[in-house]
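First comes the structure, then the notes that go with it.
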Number of protein chains: 2
Amino acid sequence: MPDLLTIGELSARSGVAPSALRYYERLGLIRADRTGGNQRRYARAELRRVAFIRISQQVGVSLDEIRAALDSLPEARTPSPQDWARLSASWRSRLDERIRLLTKLRDDLDGCIGCGCLSLQRCTLNNPEDTLAGEGPGARLVLPRPTDDPTLAGSLN
Amino acid sequence: MPDLLTIGELSARSGVAPSALRYYERLGLIRADRTGGNQRRYARAELRRVAFIRISQQVGVSLDEIRAALDSLPEARTPSPQDWARLSASWRSRLDERIRLLTKLRDDLDGCIGCGCLSLQRCTLNNPEDTLAGEGPGARLVLPRPTDDPTLAGSLN
DNA sequence: CCTTGAGTTGAAGTGCACTTCAACTAACAC
DNA sequence: GTGTTAGTTGAAGTGCACTTCAACTCAAGG
């Protein structure tokens, strides 16, 4: 009944490279049992954890935050569907926010395409709150410093 | 009339750190004249280039691609509004695609929150084309390897 | 038993977009 | 002229998410 997966099997089924799975384990995102010969054997439940990790990355969440989220799962029992639903729901507002920002950027861009003025920086760039931070893997802040000169607005030329 | 900007002024007006501006120059994204004492002096037109760079990054374009886009601007004259409009418009479909993928992810997530099955990987993860590649600065492929096992679908448990 | 493919480790490397540093020079106000 | 602030350089460092490598061991089939 345990029906454990080798790292190669988990990799094939999840689409995640073995090296990435080992990396996730080092960071504490997934865990594996070991055979007598020290090889990893994954419970099928790990498949769901890996799925959650990849989905979360697409939402724009860092591995560190994903780890924190996974840490909130019950340790005693195998997480229930409701547990996963709760975690997924917690990304919802981030996703909404990202979609909102990108949509706004698109609209601003549309509004500017006619004139080529690039004045949308007035709304988009000059708005430190409106930052697409933590976009994807490896990402850092898009605007590392706050814009500190409000005279920018409308003075592009 | 030249009315040149120091690196500090360009930094303040664009919200981009001086070190980043020097980095952009090394990559050939912007250019500067020099004073007798070797200090950078930027034409006001560079302000618009920097604005374009930051907007493009928010769209999810790498500096390398941004450089290629900027290289397509006329060298002889100062780019016209139409030139900028053309470049901005060229990001439009990328933006649309990113918004589409994120919206799809959100809808899939919504559909799964009720059951917590995470089966959305069937649609989202198991779909190599549907990848949010090049999310933001520093980002690489989200799915470095194509998913190579189609038996994944529906077999999460 | 032996081969072969799959797995193990720690350390180092990669790619991107920067930042930091030290040692030095310029520009400008007074 | 002198001090202060702002600028210069190349080289190295940072953070994230991995990948690659070498040297080695395990597991399973024939």
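The model shown is predicted, which means the values in this text are computed figures rather than measured ones.
The separation between A:L21 atom CG and C:dA6 atom P is 16 Å, rounded to whole Å. A straight line from OH of B:Y42 to P of D:dA6 spans 16 Å, rounded to a whole angstrom. Whole-Å rounding puts the B:D64 CG to C:dG15 C1' distance at 11 Å. Rounded to an integer number of Å, the gap from CD1 of A:I7 to C1' of C:dG5 is 15 Å. Straight-line distance from the OH atom of B:Y23 to the P atom of C:dT19: 10 Å, rounded to whole Å. Atom CD1 in B:I66 sits roughly 7 Å away from atom P in C:dA17 (whole-Å rounding). One atom, CZ of A:R41, and another, C1' of D:dA27, lie 8 Å apart when rounded to the nearest Å. In this structure, A:E9 atom CD and D:dA28 atom P are separated by 10 Å, rounded to whole Å.
Aromatic ring orientation, B:F52 versus B:W84: tilted (interplanar angle from 30° to 60°).
In this structure, B:Y24 reaches the C:dC18 phosphate: one of its side-chain N or O atoms is under 4.0 Å from OP1 or OP2. For the OP1/OP2 pair of C:dG7 and a distance below 4.0 Å, the side-chain nitrogens and oxygens of A:T6 include at least one atom meeting the criterion. B:T35 has a side-chain polar atom (N or O) that falls below the 4.0 Å cut-off from OP1 or OP2 of C:dA27.
Salt-bridge check for B:R22 with B:E25: failed, with every basic side-chain N at 4.0 Å or more from each acidic carboxylate O. Residues B:D96 and A:R106 are paired through a salt bridge, judged by an N-O separation under 4.0 Å between the basic side chain and the carboxylate.
Comparing D:dT9, C:dA26, C:dT8 by their closest approach to the side chain of A:R40 singles out C:dT8. Looking at the side chain of A:S62, the nearest of the listed nucleotides C:dT9, D:dT8, D:dA17 is D:dA17. Nearest nucleotide to the B:Q39 side chain, out of D:dT8, D:dT20, D:dA27: D:dT8. For A:Q57, counting side-chain heavy atoms from C-beta on, the closest listed nucleotide (D:dT19, D:dT9, D:dA17) is D:dA17. Checked against D:dG7, C:dT9, C:dT19, the side chain of A:N38 finds its nearest nucleotide in C:dT9.
Among the heavy atoms of the strands lying under 4.0 Å from A:R22 is at least one base atom, whether or not backbone atoms are also near. Among the heavy atoms of the strands lying under 4.0 Å from A:R34 are primed sugar atoms or P, OP1, OP2 only; no base atom is included.
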Item to complete: Report the C-alpha distance between A:S80 and A:D83 in whole Å, list the side-chain angles of each, state the deciding distance to 0.1 Å, and finish with yes or no for side chain to side chain donor-acceptor pair (under 3.5 Å).
Response: CA-CA 5 Å; A:S80 68; A:D83 290 324; 3.2 Å; yes
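Listed for the B:Q57 side chain is no donor-acceptor partner under 3.5 Å among the backbone atoms of B:L63.
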